[in-house]
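In this text the structure is predicted, and so the values were computed from the model without any measurement. Letters A, B, ... mirror the listed sequences (proteins, then strands); counts begin at 1.
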2 protein chains.
Amino acid sequence: MSIQGLFPIAKWDFQTESILAGLDAAERDLLLANRQDQVYRKGDTVFREGTFPSGIFYIQKGKIKKFKIDDNRREQIIYVANKGELIGYHALLSQGRHPDSAAALEECMLSFIPADDFLRAIQQSPALSQRLLKTLAHEFAVLANSLSLFTHKSVRERLALQLIVMREKYKDRFEPGMVVAIRLSREDLSNLVGTARENVVRILAEFKREGIISTKGSTILVNDVNKLIAIADYK
Amino acid sequence: MSIQGLFPIAKWDFQTESILAGLDAAERDLLLANRQDQVYRKGDTVFREGTFPSGIFYIQKGKIKKFKIDDNRREQIIYVANKGELIGYHALLSQGRHPDSAAALEECMLSFIPADDFLRAIQQSPALSQRLLKTLAHEFAVLANSLSLFTHKSVRERLALQLIVMREKYKDRFEPGMVVAIRLSREDLSNLVGTARENVVRILAEFKREGIISTKGSTILVNDVNKLIAIADYK
DNA sequence: GGATAAAACTGATAAAAATCACTTTTAAAA
DNA sequence: TTTTAAAAGTGATTTTTATCAGTTTTATCC
């Protein structure tokens, strides 16, 4: 999905489509037959990079960050998954370990789907494997895009861009021109932008002075998306 | 495949497996029935980001760079594909446009496979879609890893790392301790590392002084991979 | 083999980002 | 409600990277 439908190309295309949405009732039932619902509190780990998977997770409620931690214990957030998305399937598909870690950004409800059920569903449902192929190809486009952004955009531009993306993820109703509240720690935000926390704080202060955002406690309120778009899109 | 089998984890895992290698003869024939062989000279474009695909390409000979160009015409190389790999399938799978461009790094021989043949082969061969799912999941791991490297490693570290990766791609025989010749312009190398050409040149000069590499014309000869590994892996 | 255009290389300088050393504010617990 | 630990915020400084303005070397075409 493009942000506000204004930008048709991949640059602004950060949303992964829901895999389950494209399946019929029978296929969904096959996949979800033995699911186990689990509550995760803010900060709880879902799975850890380098471990072998025992199944996948369907996000019933909440937001999950997918991230990698380097040798100096610095975290890079790869993607923020939202309600309706599946996570943890890459490891099962590649027959290896989890390539990233996952943790709850807020209180979440996840359905655990055992590995056997998932793999059986792929075998028996061509629709599911088609859907997965489409999703994975799209994920490639999104990540390739991120890579290009990281090397060619400044921290200020990347922060503006991530605020636009997070605004989409944190709005649950659809009202044009609405002020969206982004509840994300400065630490998480800087790990998403790929810079030090201090830089994020400083640039947020600039955005505040420029009337683009305001804050209420540590929550960020986006007042003027168009200015963020202008900053992120600067050539 | 891990570099030299020494590093089992994703950090050193940059090689995409061959998709065709896992298929049986009948499945290969199905896919390659209407292929058209084409020669590409160094620098020739194979496909361009944002265009709709008419098929995919199998690399019979040579190396192809996959890259994105930003608004300021700066290029970021996402991946270097080698002999035996398929390229251009992401757009067909996601039913959209090419997420990146592709061009020949050296004289190449490519087999063009029409879209219909590829899509029909996926429909008819569960082995092919399994294989594709595995490859795409692995590509995700590789790209997620690159993203983390770009944000947390210095230019010097990234250059050392890419020289290790390119050394693997440019060696066609297997002799332990062999000096491998990397024929890659400084421009392409800097677009791979994600920095300015001048920085690459300067750091290459350092590596030369330290006896890690030598040059013959613009070709880079890697004399001491272990020192490169030590630099790239520095914590 | 010499002309010449392109690529490689070098040094100086400017700009951006990271790091350090704090103070202030916020939110959770007692 | 008060305490207090964690998170947010600020300023100064250092380090890294980008940019500019060239010279030298390499490779290709007559």
[X] [atom1] - [N] [atom2] separation (whole Å):
| X | N | atom1 | atom2 | value |
| --- | --- | --- | --- | --- |
| F150(B) | dA17(C) | CZ | C1' | 17 Å |
| E206(A) | dG11(D) | CD | P | 12 Å |
| H152(A) | dA16(C) | NE2 | C1' | 16 Å |
| R183(B) | dA7(C) | CZ | P | 17 Å |
| L204(B) | dA8(C) | CG | P | 10 Å |

Note down the inter-axis angle between the two ends of the helix from dG1(C)-dC30(D) to dA30(C)-dT1(D), five pairs each, to the nearest 10°.
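End axes: 50° apart.
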
Checking F47(A) now: which residues fulfil ring pair (Phe, Tyr, Trp, His ring centres under 6.0 Å) with it, not counting sequence neighbours?
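For F47(A), the residues satisfying ring pair (Phe, Tyr, Trp, His ring centres under 6.0 Å) (neighbours in sequence not counted) are H98(A).
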
May I ask you to decide if D188(B)'s main-chain N or O and R197(B)'s side chain share a donor-acceptor pair within less than 3.5 Å?
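It does not hold such a pair.
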
Side-chain donor or acceptor of R48(B) paired with backbone N/O of V46(B) under 3.5 Å:
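Here the side-chain-to-backbone pair does not exist.
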
Could you list the donor-acceptor pairs under 3.5 angstrom formed between side-chain atoms of residues 199-206 of chain B and any protein atom two or more places apart in sequence or on another chain?
unit_1, atom_1, unit_2, atom_2, d
N199(B), ND2, T195(B), OG1, 2.9
E206(B), OE1, R156(B), NH1, 2.5

Do K63(A) and Y170(A) form a cation-pi contact, if we require the NZ or CZ to be under 6.0 Å from the six-membered ring centre and within 45 degrees of the ring's axis?
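Relative to the ring axis of Y170(A), which defines the angle, K63(A) lies inside both limits.
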
With under 30° as parallel and over 60° as perpendicular, where do the rings of F140(B) and H90(A) fit, or are they tilted in between?
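Rings of F140(B) and H90(A): parallel, as their planes differ by under 30°.
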
For [X], all residues meeting side-chain contact (heavy atoms from CB on, under 4.5 Å), sequence neighbours excluded:
| X | value |
| --- | --- |
| I69(A) | F67(A), R73(A), E75(A) |
| L20(B) | S18(B), R28(B), L31(B), L32(B), Y58(B), L86(B) |
| D70(A) | N72(A), R74(A), H152(B) |
| S54(B) | F112(B) |

Under the rule for side-chain hydrogen bond (donor to acceptor under 3.5 Å, both in side chains), what residues qualify as partners of T215(A), not counting sequence neighbours?
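Testing T215(A) for side-chain hydrogen bond (donor to acceptor under 3.5 Å, both in side chains), a comparison that skips the adjacent residues, returns K208(A).
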
Sequence neighbours left out, what passes side-chain hydrogen bond (donor to acceptor under 3.5 Å, both in side chains) with N223(A)? Give chain and number order.
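For N223(A), the residues satisfying side-chain hydrogen bond (donor to acceptor under 3.5 Å, both in side chains) (neighbours in sequence not counted) are S214(A).
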
Residues of residues 100-107 of chain A with any non-hydrogen atom less than 4.0 angstrom from an atom of DNA chain D: list those, numerically ordered, please.
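Nucleic-acid contacts, sorted: none.
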
What's touching nucleotides 1-8 of chain D from the protein side, N or O pairs under 3.5 Å?
unit_1, atom_1, unit_2, atom_2, d
dA8(D), OP1, R186(A), N, 3.2
dA8(D), OP2, R186(A), N, 3.3

Please tabulate, one pair per line, each protein N/O and nucleotide N/O from nucleotides 17-20 of chain D that are separated by under 3.5 Å, including the distance.
unit_1, atom_1, unit_2, atom_2, d
dT17(D), OP1, V155(B), N, 3.1
dA18(D), OP2, T195(B), OG1, 2.3
dA18(D), OP2, N199(B), ND2, 2.6
dT19(D), OP2, R74(B), NH1, 3.3
dT19(D), O4, R202(B), NH2, 3.0
dC20(D), N4, E198(B), OE2, 2.9

Let me confirm one number: the CG-CG distance from L228(B) to D233(B), rounded to the nearest 0.5 Å.
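Going from the CG atom of L228(B) to the CG atom of D233(B) covers 12.0 Å.
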
